[in-house]
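Remarks on the structure that follows.
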Amino acid sequence: MTTNDVVSALVRDLRPVVPLRAPTVRAWYWGFLAAVTGGIAVAVFGLRADLAATASTLSFRVQAALLVLATTMASGSALAFAIPGEHLSSIRRAAPIAAALAWGAWLLAELAAAAGSSSTAWALDSGWGCVAKAMTIAAVPGAALMLMVGRGASVDPRRAVAYAALAAAGVGALGVEFTCPNPEVIHQLVWHFGPLAVLPLVAAPVGAPMFARWMRRPREPRL
Amino acid sequence: MTPAQEHELTLLMTASQKGDGPAYDALLRGLQAVVSLYVRRRVGVTPWAEDVVQDVLFSIHRARHTWNPQRPFAPWFYAVLQSRLVDAIRVRKRIGMWEEPMDALPPGVWSESAEAVTIARADLAEAMRQLSPAQRLVIERLKLAELSVKQVAHETGMTESNVKVIAHRGYAALRRLLLGTGYDD
């Protein structure tokens, strides 16, 4: 097929399209959806009994703030990475990762403090229930964000998927903070922070090929 | 891309997003020239440069809804172009890792002498002579002149499907003739 043939075929295939809105606007839409669906899921699971007391502590507020920051910034970055040529400053790229790591560092610092005063600080229970809860809470926002990224045409699908996974995991982790009554820091570090740290690393190589499909050209008929 | 070119391409892209066919045709032909020049400057003259041009045009077609008319056109376009070019270079490198240059093969693996090549050429020429005039013409234009099916159809006044059928039958006849003279399948 010559380039002239390609041009003619593409012109024949032309249909009007509605341009996607700016990534920031789309991130706001997603944030609203995530807040509503995540809130519903948290309500279904039930708020932790000690929430009123815990929510007033500095630790809870800092952790929640870091999670909100990581989630919102990551969703904005994922949607920006879905658009070719969209400028994303290094601060905007680093902010969600820095916020997520800061949460992990905060938990580690709390764990170190707890280990100094209690011999059971390292005792780890099974927290798969929390992982399942987080995945359930994140399911709809995560799927929606992946669809929104897929509507774009990412030239860097690995990063787009990694940030989308971080945002989805952030919603799940934030929801679990409101539902899980376990006060042990080691539990929060492994079962709340752990999935948030692992999911983007796993999702990026697995999911990226799906978001690179738009680049593949249809096969030409063979002679 | 000069600012004047970018301005013109921006207008064409805006019209193309609304479904304006002639504008889209002009856009793609304008971009074709820009892409060809860009590829030639980055990787020199290569046999696969045209493939990259076509890949970029396909990608632009599929991603055209992601360009925001309120944003400049050039960063969007060059991001697509750069990504497709990097992919093409990566693929060619991967293929190159598995391909051995002919002169690097150990002796004995490829031991065709100049005489054997001459004989093979003569056998092929003889087999070509035994084809029908239409088959000979189509295969010569497709394989020796390296024209496309469409170009051959235009040149010979045949339909494209007719060219394909004649070429297919010609290849089968050539294969039969060469197998009959002792060549392997």
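Everything numeric here is computed off the predicted structure, so don't read it as measured data. Numbers restart at 1 for each chain; the letters A, B, ... are given by sequence-line order, proteins then strands.
Here the CD-CG distance, from Gln54(B) to Asp5(A), works out to 8.0 Å after rounding to the nearest 0.5 Å. To the nearest 0.5 Å, atoms NE2 (His65(B)) and CZ (Arg15(A)) are separated by 15.5 Å. Between Ile83(A) atom CD1 and Trp76(B) atom CH2 the span is 10.0 Å, to the nearest 0.5 Å. With values rounded to the nearest 0.5 angstrom, Thr3(A) atom OG1 is found 11.0 Å from Leu28(B) atom CG. Between atom CG of residue Asp13(A) and atom CZ of residue Phe58(B) there is a gap of 9.0 Å, rounded to the nearest 0.5 Å.
Along residues 17-29 of chain A, the residues that come nearer than 4.5 angstrom to chain B, judged on non-hydrogen atoms, are Val17(A), Val18(A), Pro19(A), Leu20(A), Ala22(A) in order of number. Identified by a heavy-atom distance below 4.5 Å to chain B, contributing residues of residues 128-150 of chain A are lacking entirely.
The two atoms that bring Thr66(B) and Ala153(A) nearest to each other are CG2-N, 3.7 Å, heavy atoms only. Considering all non-hydrogen atoms of both residues, Ala79(B) and Val155(A) come closest at O-CG1, 3.9 Å. Minimum heavy-atom separation, Tyr24(B) to Val11(A): CD2-CA, 3.9 Å.
The stretch residues 195-209 of chain A participates, sequence neighbours left out, in no salt bridge (Lys or Arg N to Asp or Glu O under 4.0 Å) pair at all.
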Going by atom type alone, with no hydrogens or angles, which donor-acceptor pairs under 3.5 Å involve a side-chain atom of residues 190-199 of chain A and a protein atom two or more places apart or on another chain?
| unit_1 | atom_1 | unit_2 | atom_2 | d |
| --- | --- | --- | --- | --- |
| Trp191(A) | NE1 | Asp125(A) | O | 2.9 |
| His192(A) | ND1 | Glu177(A) | OE2 | 2.9 |
| His192(A) | NE2 | His187(A) | NE2 | 3.3 |

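Between Gln151(B) and Thr2(A) there is a side-chain heavy-atom pair separated by less than 4.5 Å.
Around CZ of Arg29(B), the count of heavy atoms belonging to other residues, nucleotides or ligands within 6.0 Å exceeds 12.
Contacts between Lys150(B) and chain A at a heavy-atom distance below 4.5 Å involve the side chain alone, from C-beta outward. In this structure, chain B has heavy atoms under 4.5 Å from both the backbone and the side chain of Asn4(A). In this structure, the portions of Arg151(A) lying under 4.5 Å from any heavy atom of chain B include both its backbone and its side chain. Only the side chain of Gln32(B) comes within contact range of chain A, with heavy atoms under 4.5 Å apart. Of the two parts of Asp20(B), only the backbone, made up of N, CA, C and O, holds a non-hydrogen atom closer than 4.5 Å to a non-hydrogen atom of chain A.
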